[in-house]
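Notes follow the structure.
These values consider heavy atoms only, across backbone and side chains, with no hydrogens, waters or symmetry-generated copies.
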Amino acid sequence: MDRPILLQAIALLPEVDRALLERYTVHRLAPAGAERDAQLAQVGPAIDGLVTSARAGFDEALLARLPNLRVISSFGVGLDVLDVPAARRRGIPVGYTPDVLTDCVADLAFGLLLSIARRIPEGDRYVRAGRWVQQPPQAFPLARKVSGARLGIVGLGRIGQAIAQRASGFAMDVRYTGRRPVQGATLPFVPQLQELARWSDFLVVSTPGGADTRHLIDAGVLDALGPEGFLVNIARGSVVDEKALVAALERRSIAGAALDVFEHEPSVPQELLSLDNVVLLPHVASATHETRAGMGQRVLDNLAAFFDGQPLPSPA
Ligand code: 8YV
């Protein structure tokens, strides 16, 4: 059989890129503009498979340039920038990488929660700046206890459930909201997000992104969370109305926020950079050697299954 021809929208791990080259002929997608246009005019009709990611995604316009495309394999669990319905209309299966990143994302949610509650990055800055040894001494402020606190989870999917599991180790009282109660879940379901926010000491966002959840966390939810409440977001920046969040943090109408994701990555609002009651990370929830290797393997497995005539192990 001829080597299948792939279009690769984004560089993955070096070992995954090497594995792709071993089995396939790979074209790296050129930067948007005239160069990409020329590339797609030339190789578009020959492409069998598209390799992309939860960040690079794909849209209908790109699919239109790939008239013989047969499979798509995406690195990541998020589908918000992948036009899966457009692929479905053409009967093109889309593979993605759920499960393998659940633990790391849930771990980081907890890392963020502990960081903001216990002022860990703030304490680190305090020690480095020499304020601990300063004369007269400058007291480090007291923090918020995590064990036994109330945790509200917005979206009890795979990742939300893994966060709840970790919370049980901290003897936290956990409730959740979502579109509907999750079958088999024993945690209390709170239908109204604002009601959950009002109840919560920590509100963790673990919903998918996309149009359905855009600005779900708005000024009303933040008001309900209140001056003692903390927001943690490991989902998508789009789920939080960032302007409302900045306003709430500046007014101290919520206690703090710990964020791995932002509305317009990689740009982070200037106001957040100067606040002490926030912890900011550069979208790294899945970024460990182990998990990224697992995600890369899933990208390869989805492609290999397709070209071997098998169903995709992780179809979207
Ligand atoms: C990745 C993610 O950082 O899987 C996702 O949806 O957001 C992260 O795991 C990234 O999107 C991979 O490209």
Donor-acceptor pair, side chain of Arg131 and main chain of Gly123, under 3.5 angstrom: no
For [X], what residues pass the salt bridge (Lys or Arg N to Asp or Glu O under 4.0 Å) criterion, not counting sequence neighbours?
{"X": "Arg28", "answer": "Asp17"}
{"X": "Arg251", "answer": "none"}
{"X": "Arg198", "answer": "none"}
{"X": "Asp173", "answer": "none"}

Which residues share a side chain to side chain donor-acceptor pair (under 3.5 Å) with [X], sequence neighbours left out:
{"X": "Asp99", "answer": "none"}
{"X": "Asp201", "answer": "Arg144"}
{"X": "Arg125", "answer": "Asp276"}
{"X": "Ser286", "answer": "Arg292"}

With Phe58 as reference, evaluate Leu69, Val81, Leu63 under the side chain to side chain contact (heavy atoms under 4.5 Å, CB included) test and give the passing residue. Leu63
If every non-hydrogen atom of Leu6 is compared with every non-hydrogen atom of Leu20, which pair is closest and at what distance? CD1-CD2, 3.9 Å
Heavy-atom pair with the smallest gap, counting every atom of Ile234 and Asp260: CG2-CB, 4.2 Å
Derivation of the side-chain contact (heavy atoms from CB on, under 4.5 Å) call for Val100 and Val77: CA-CA 9 Å; Val100 285; Val77 71; over 6 Å; no
For Leu273, I'd like to know if atom CG has over 12 heavy atoms of other residues, nucleotides or ligands within 6.0 Å. yes
Gln183, CD: over 12 other non-hydrogen atoms inside 6.0 angstrom: no
If a pair satisfies salt bridge (Lys or Arg N to Asp or Glu O under 4.0 Å) and one of its residues is in residues 101-116, list it, with sequence neighbours excluded. Asp103-Arg166, Asp107-Arg166
Residues 305-314 vs side-chain hydrogen bond (donor to acceptor under 3.5 Å, both in side chains), sequence neighbours excluded, gives Arg23-Asp308, Arg298-Ser314
Summary of side-chain hydrogen bond (donor to acceptor under 3.5 Å, both in side chains) pairs that have at least one residue in residues 221-250, sequence neighbours excluded: Asp80-Arg236
Going through the distances and angles, do Gln161 and Ile153 end up as a side-chain contact (heavy atoms from CB on, under 4.5 Å)? CA-CA 9 Å; Gln161 289 176 32; Ile153 300 180; over 6 Å; no
Intermediate values then yes/no, side-chain contact (heavy atoms from CB on, under 4.5 Å), Leu222 and Ile217: CA-CA 7 Å; Leu222 295 168; Ile217 308 295; 3.8 Å; yes
Show your reasoning for whether side-chain contact (heavy atoms from CB on, under 4.5 Å) applies to Ile163 and Leu113. CA-CA 11 Å; Ile163 293 169; Leu113 191 155; over 6 Å; no
Quick one: pull up CZ in Phe170 and CG in Leu151 and give me the separation to the nearest 0.5 Å. 11.0 Å
Using the test ring-ring contact (aromatic ring centres under 6.0 Å, His included), find all partners of Phe202 that sit at least two apart in sequence or belong to another chain. Phe230
Taking the side chain as every heavy atom from C-beta outward, state whether Val154 and Thr213 have any atom pair closer than 4.5 Å. no
